[in-house]
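Taking it in order: structure first as structure tokens, then the write-up.
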There are 2 protein chains.
Amino acid sequence: MSDRRVTADDVARLAGVSRATVSYVLNDHPHQTIPEATREKVRRAAASLDYTPLASARILSRGRSDVVVMLIPDLPLGSVVPAVMDSVAETIAPNGLELFLHRCPPGRDIKNLWNAITPVAVIRLGSLGPENDESLRRSQIGFLVELANSELEQGLVLFPGLETGELQVRHLVERGHLRIGYAWPDDDRVTNFASARLRGVQKACAELGIAEPVVLTLPFNPAGAAASVDSWREAGVDGICAFNDELALAIIRVAQLRGIEIPQDLAVVGVDDLPQAAFSVPPLSTVAPRPDKMGQFVARRLLDGIAGREPGSLDPSDGFIRLIERDSA
Amino acid sequence: MSDRRVTADDVARLAGVSRATVSYVLNDHPHQTIPEATREKVRRAAASLDYTPLASARILSRGRSDVVVMLIPDLPLGSVVPAVMDSVAETIAPNGLELFLHRCPPGRDIKNLWNAITPVAVIRLGSLGPENDESLRRSQIGFLVELANSELEQGLVLFPGLETGELQVRHLVERGHLRIGYAWPDDDRVTNFASARLRGVQKACAELGIAEPVVLTLPFNPAGAAASVDSWREAGVDGICAFNDELALAIIRVAQLRGIEIPQDLAVVGVDDLPQAAFSVPPLSTVAPRPDKMGQFVARRLLDGIAGREPGSLDPSDGFIRLIERDSA
DNA sequence: CTACTCTACTTAAGCGCGCAACTGAAGCGC
DNA sequence: GCGCTTCAGTTGCGCGCTTAAGTAGAGTAG
């Protein structure tokens, strides 16, 4: 809040050295022989003035910034996105990189963003719409990681929908539930996720030689949910793959009010592992994302890309999700 | 991804004018008389080269950046923080400002951040710990908005805990529930929020001349929750203020399993207005935050501060929360 | 015809920093 | 005492942009 910024010149003057020396000391520049006494003098001066180099000047001079921007459309970000962020941030921190999140609602034009910030890399977390995706690719950003919400979008898939659906079905079948239902969400914004997961369910059913899943949209209110549950029961369904835990928990609650025993009469498997999932009665079996693994994968890609290395050929979807077996199936 | 960045020089050369003219045109500089023909030439050249000014150079030159950073500790960010972000972003966008979120776990030192970015302003969303808070204040940031999680922390309060607690009690009392219980969360990270809300509850009880609330920690599992509900019932409690909707919904579920009628035997009021709240049986009455109002308030403060104006003397807590009356009380 | 104004630009001075290249002094072998 | 290397710094350029100040030419007033 002072009037004029403190610059490296001020530090140099106070320390009685040149500006270059200040820069060398504060950046721990290699190939430079500076005795500890001088270093200490400089560091003291910098500290006493609360000196912080001006990022813009630093970046301009080095020709490279340390900012990674994560661009996310205005999807409802649950607890997994922040967790992935934390994991990415932690992994790239040793390289001096800092992660920032920027929300990007459908209507907004990205172009103005680059007037404000010069990232080394950006992580696109799901599609931002055709024009923005395109302009992102054409822009002069060092490195771009394109993440997809599901196998149906372009980009790397963090949350593999196919595999998720398969895991759900295989678990139900293992426990003896052979007539599968799918609880489809009543929210357009997540259609992409849902489609991929349903495909996984269908694929697994085919592979296991059981009947096609009975797909019903699950309205997010008690009456509607109850109706869907009744329909499934009439169709002989005894195992439900829910799009996510919210739906799964709703199903469990509604079913219990109707005297349906879980998992004997009806088994349910969710997705997400919400905190509530562990504490429902019975505790919900669910396919959980592993944000730490996801973040580490993204961060590695990022670091490889920035360094100009070819990204390692690891299997992206390896270990990103896991089945948590509890008692609802 | 091209080898060399496209600079204003390239655009100038292509358009057949000087670099200064390019800058004047692209920034719509006032007090400059440039015929439309020339403007068009420049704009075409810029577009055909996909020119984006280098933010760092721009900022260095203008001595001012357009970046607002929102710093948030690693609290679980629900749906309200993103909503506040969107509201802030939208309000400041007409001024050319861009909002970025940066998470700041307790251990992390903020200092390195300013090597990466030079914000005009930062919004501190809750305390980042004593050292970081202090270093933030000493740093050379243009403007700092300090937001508090509750009345118990330093800074402006967006989510007024006192008022929240009061609203809960007054609603219960209006509906004839005079013996109040308070459901305390089993999570250390939210103690600050909870304390303020509880104080509001206690204050309202005192003012209305009813007994002190019976405070019980509500374990987030069915058995524990059931035990708490039993204790309240034994104490004659017929109206519960829950710390948040999650707890409120858990209470409703547990109570129903025990044959307790809601709201006749036991009324419950939550906080947050989760999506599930509207669809529980009975629908949950709750104190809802209004992220749009919060965001607009923060944005106004920000714009005033950046412009050097004294912030308007509006009542910060006005309209930030509201009671949503449904059927659980 | 000169002096002035207005238009439509251009020239050039920074912004603060990093880093390559240079320099002066000290140390050392012969 | 000479040339060589190492130490401990300094000088100065350039990153790409904004913007104050300047200027050539056309138009107009007197």
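To find a chain, count down the sequence lines: A is the first, B the second, and so on, and within it residues start at 1.
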- [ ] Could you list by number each residue of residues 48-56 of chain B showing a heavy-atom separation from DNA chain D of less than 4.0 Å, or answer none if no residue does?
- [x] Tyr51(B), Pro53(B), Leu54(B)
- [ ] Go through the side-chain N and O atoms of Asp292(B) and Ser87(B) and say whether any donor and acceptor fall under 3.5 Å apart.
- [x] no
Task: Salt bridge flag under 4.0 Å for residues Asp50(A) and Lys111(B) - done: no
Open item on the list: How many whole angstroms separate atom CZ of Arg58(A) from atom C1' of dC15(C)?
Closed with: 17 Å
Task: Pair Arg301(A) + Glu146(A), salt bridge at N-O below 4.0 Å - done: no
Task: Spacing of Ile59(A) atom CD1 relative to dC17(D) atom C1', expressed in whole Å - done: 14 Å
Open item on the list: Under 3.5 Å, is there any donor-acceptor pair linking the side chain of Arg5(A) to the base of dG16(C)?
Closed with: no
TODO: Please find out if less than 6.0 Å separates the ring center of Phe320(B) from that of Phe297(B).
DONE: yes
- [ ] Grab the CG-C1' distance between Asn115(B) and dG18(C) for me, whole Å please.
- [x] 13 Å
Open item on the list: Within the 3.5 Å criterion, strictly below it, is a donor on Glu153(A) or Asn192(A) matched to an acceptor on the partner's side chain?
Closed with: yes
- [ ] Starting from C1' on dC13(D), measure out to CG on Leu60(A) and report it in whole angstrom.
- [x] 13 Å
TODO: Check if the side chain of Arg19(B) and the base of dT18(D) share a donor-acceptor pair of N or O atoms closer than 3.5 Å.
DONE: yes
- [ ] Scan side-chain atoms only and decide if Asn27(B) and Arg62(B) contain a donor-acceptor pair under the 3.5 Å cut-off.
- [x] no
Task: Rounded interatomic separation in angstrom, taking NE2 from His29(A) and P from dC19(C) - done: 6 Å
- [ ] Check whether any side-chain N or O of Glu98(B) sits under 3.5 Å from a backbone N or O of Asp66(B) as a donor-acceptor pair, and report yes or no.
- [x] no
- [ ] Output yes when Asp9(B) and Arg5(B) qualify as a salt bridge under the 4.0 Å nitrogen-oxygen rule, no when they do not.
- [x] no
TODO: Give the intermediate values and the outcome of salt bridge (Lys or Arg N to Asp or Glu O under 4.0 Å) for residues Arg19(B) and Asp10(B).
DONE: CA-CA 9 Å; Arg19(B) 226 191 17 193; Asp10(B) 300 322; over 6 Å; no
Please list each protein N or O that sits under 3.5 Å from an N or O in nucleotides 3-9 of chain C, with the distance.
from, atom 1, to, atom 2, distance (Å)
dA8(C), N7, Thr33(B), OG1, 3.3
dC9(C), OP2, Thr38(B), OG1, 2.5
dC9(C), N4, Gln32(B), NE2, 2.9

TODO: Could you state the atom-to-atom distance from CZ of Arg62(A) to C1' of dG18(C) in whole Å?
DONE: 9 Å
